[in-house]
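Take a look at the structure set out below.
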There are 2 protein chains.
Amino acid sequence: MSNIRDVAKVAGVSIATVSRALSAPETVSKASLKKVHDAIEQVQYKPNMLARNFRRHRAFNIVVLVPNMANTFFATVVRGIEDVAQQHGYGVLLGDTRDVLQREEEYLKLVETSQADGVIQLRPHWEGNSILPRDNIVAVSACGCENTPYPCVRIDNAEASKTATEYLISLGHKRIGVITGLADNPHTIDRLKGYRDAISEAGIEYNDMMIAEGEFTMWSGLNAARHFIRMPADERPTAILSMNDEMAIGAIKAFRANKIDVPNDVSIIGFDDIEVSRYTEPALTTIAQPAEQIGKAAANMLLKLIEGKEVRQTDYVLPFEFVVRASSTPVK
Amino acid sequence: MSNIRDVAKVAGVSIATVSRALSAPETVSKASLKKVHDAIEQVQYKPNMLARNFRRHRAFNIVVLVPNMANTFFATVVRGIEDVAQQHGYGVLLGDTRDVLQREEEYLKLVETSQADGVIQLRPHWEGNSILPRDNIVAVSACGCENTPYPCVRIDNAEASKTATEYLISLGHKRIGVITGLADNPHTIDRLKGYRDAISEAGIEYNDMMIAEGEFTMWSGLNAARHFIRMPADERPTAILSMNDEMAIGAIKAFRANKIDVPNDVSIIGFDDIEVSRYTEPALTTIAQPAEQIGKAAANMLLKLIEGKEVRQTDYVLPFEFVVRASSTPVK
DNA sequence: CTGAAAGCGCTAACAC
DNA sequence: GTGTTAGCGCTTTCAG
């Protein structure tokens, strides 16, 4: 492996000139520049970024903490992050944490030991169950919640589920069920708030029996739906708001298996708008999050923070979109 | 940020002893070890891995080239890779290439410039359309094909699609359609070979009209299915083998939209067994690839290669599993 | 078992 | 515009 010194020798200039030709070409004469480039070609020089980064005290890497990489929504956010990072010369280190705090801790060490310059957290900030924010760690929350105590890019979750609930109410539904995430998950809390606001404004009383807890997986959605299936038909919700599309897909499966028709016996609304939601039977009415945009915005924010630039909005709220498909229909 | 020198000073030993205490504790006396650890605690020392890696000429990172991170199957493979990498102290740099060769090239630079020690390629080796193998680049192919000219972890694609085809034949199907990937994609070629072998052994003549080209996305599967939908019912295949689950899901959507029942009018078999395939209507018969295992095996192989250890099998073939669900049924 | 010292390849003052 | 030089924080001979 050739180094900057070899290039300097062949080009007949000093190593400083080579260095400058590479990182600040405008400060070098045209003649030297050419000599350097020819020499680089000749000795097949590839800069050792490990050395450069070490010298600059920067890793030019960011780490992204993902609860579950196999979740399409998260994967799409990561795509957005990666796109922006790559454009700015940063690498993306994957931290699939499987929702284990201990694993988040492991990955944070990458930042503490200078192997990464900052971190994007995809798990929402959770009081008493979070490793961020942390001194000396530059971090941004993506797809998080209100009141995150560090910079954050997100949608208005409460407003989104309120919108969906209001739509169901406008369709004549009065018994509206919810499939939530874990009870203390911040997304569950924010989204439940929107639901409660909407039914309360419509004069519908809140009823515990309308709530079934899942954990954002298809399997847990299927399970949660059983809670409703066990109810007498005249008490069962005529519509269900699921806090993500995966659980909605699981729920549809459960209802079909019990000869409860979607949407004729029960309407279902999802959350996220992952790609497969267009293809389910029936196609899923859902709240579309701009996943890739969220990722891009979060990455841009983090890079600014890392590079010491000013960040105007530290709670950046992107618009969601409510997408009506076939899984929701007026109450019979 | 404190460094090894601060620790040495506080501990009253030399920097060499501190270094040894950290990377080869067994060569240091118990007494020194304790002094060093106390000092580390006291000055809040975090090793600068950038410096260590630079010195060692190793990045302790690998890069993974993924055509599409939002594809569940790939994401699951990456999970496996990441799990093994993390256990061995390596980071995983994400390279979502969006199937663009130019982007693969960008990410390979990470290896050439010492920011990563090796690469795992998830796109199958494609003659005349591949940047690997390459001198001085340690690489492993995951989920690839036969005859990959560098180390490879995969299933037997031809055998898998042969198994599926034989199953359809055993159900009495004679007109068996295929939804392929792009015609020159190596997966398409291998899997088509298995199909042709199976029908030929059963005395069924190969017929071009039974082949529809997709590109491994739901949308392209839906589109490809239209080719069959346009055919008169008595010429239309009674069963279809789709080269991945996504396209099968798209195809089911297209058939339903045209009142062609799955599986009663047409059986459908997918490939990969992604999670959602259990939840589609009907649930998908499919060839299950051990995605996470493939990722783990590929990572183990790459790490051995990086560390100069011997690798016995450079073409490691894992077993697939044929999973029968509701989307396939005997011909009527 | 320990310490002194020589760099790894590069950047960034500083002087010319 | 260019060259000289002093490190960045660590590992690793080599002596002792």
Side-chain angles (χ1 to χ4, degrees), chain A residues 1-40 43-60 89 109-117 136 307, chain B residues 1-37 39-40 43-61 89 109-117 136 307:
Chain A
M1 210 63 233
S2 56
N3 62 28
I4 206 174
R5 226 165 297 263
D6 302 326
V7 176
K9 200 176 299 170
V10 171
V13 299
S14 75
I15 60 166
T17 300
V18 177
S19 176
R20 281 191 282 255
L22 257 32
S23 42
E26 67 282 6
T27 68
V28 173
S29 72
K30 280 233 153 26
S32 299
L33 217 49
K34 182 169 171 18
K35 281 191 283 184
V36 169
H37 283 138
D38 290 352
I40 285 176
V43 303
Q44 292 252 52
Y45 169 72
K46 306 272 182 207
N48 180 337
M49 291 301 189
L50 235 40
R52 165 190 290 211
N53 294 349
F54 162 53
R55 192 44 240 264
R56 289 207 185 156
H57 300 282
R58 287 278 293 287
F60 292 96
K109 286 210 182 99
L110 293 173
V111 183
E112 298 186 318
T113 59
S114 312
Q115 291 179 100
D117 305 315
N136 308 316
E307 297 179 350
Chain B
M1 209 62 230
S2 56
N3 62 25
I4 207 173
R5 226 166 296 264
D6 302 325
V7 176
K9 199 175 300 170
V10 171
V13 298
S14 73
I15 59 166
T17 301
V18 178
S19 175
R20 281 190 283 253
L22 258 31
S23 42
E26 67 281 5
T27 68
V28 174
S29 73
K30 279 234 153 28
S32 297
L33 217 48
K34 181 169 169 21
K35 282 192 283 184
V36 169
H37 283 137
I40 284 176
V43 303
Q44 293 252 53
Y45 170 72
K46 307 272 182 206
N48 180 337
M49 292 301 190
L50 234 41
R52 166 190 290 209
N53 295 350
F54 162 53
R55 195 42 242 268
R56 290 205 184 155
H57 300 282
R58 285 277 292 289
F60 292 98
N61 279 149
K109 286 209 181 102
L110 293 174
V111 183
E112 297 185 319
T113 59
S114 312
Q115 292 179 99
D117 305 314
N136 308 318
E307 296 179 351

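Just so it is clear, the model here is predicted, and its values are computed rather than measured. Each chain gets a letter, A, B and so on, in the order its sequence line appears, and its residues count up from 1.
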| request: Scan residues 50-60 of chain B against DNA chain D and write down, sorted by residue number, each residue with any heavy atom closer than 4.0 Å; if none is found, say none. | output: B/Ala51, B/Arg52, B/Phe54, B/Arg55

[X] side chain near [Y] side chain, heavy-atom distance below 4.5 Å:
X        : Y        : result
B/Leu22  : B/Ile40  : yes
B/Thr113 : A/Arg52  : no
B/Asn48  : B/Met1   : no
B/Asn53  : A/Gln115 : yes
B/Tyr45  : B/Val10  : no
B/Ser19  : B/Arg55  : no

Whole angstroms only, please: what is the [atom1]-[atom2] distance between [X] and [N]?
X       : N      : atom1 : atom2 : result
B/Ile4  : C/dA6  : CD1   : C1'   : 15 Å
B/Leu22 : D/dT11 : CG    : P     : 7 Å
B/Ile15 : D/dC8  : CD1   : C1'   : 13 Å
B/Asn48 : D/dG7  : CG    : P     : 18 Å
A/Arg5  : D/dT5  : CZ    : P     : 12 Å

| note | Here the pair of heavy atoms bringing B/Val28 nearest to B/Arg20 is CG2-CB, 3.7 Å

| Where B/Val36 and B/Ala21 come nearest, the two heavy atoms and their spacing | CG1-CB, 3.8 Å

| message | Which is more 5' along DNA chain D, the nucleotide nearest B/Arg20 or the one nearest B/Tyr45? Just name the residue. | response | B/Tyr45

| task | Residues of residues 25-40 of chain A with any non-hydrogen atom less than 4.0 angstrom from an atom of DNA chain C: list those, numerically ordered, please. | result | none

| said: Base, sugar-phosphate or nothing for B/Ser19? Non-hydrogen atoms, less than 4.0 Å. | reply: base

| request: Check whether any side-chain nitrogen or oxygen of A/Thr17 sits under 4.0 Å from OP1 or OP2 of D/dG3, and answer yes or no. | output: yes

| Checking A/Asn3 side chain against A/Asp6 main chain: does a donor-acceptor pair fall under 3.5 Å? | yes

| request: Could you please name the option among C/dG3, D/dC10, D/dT2 that lies closest to any side-chain atom of B/Ala16? | output: C/dG3

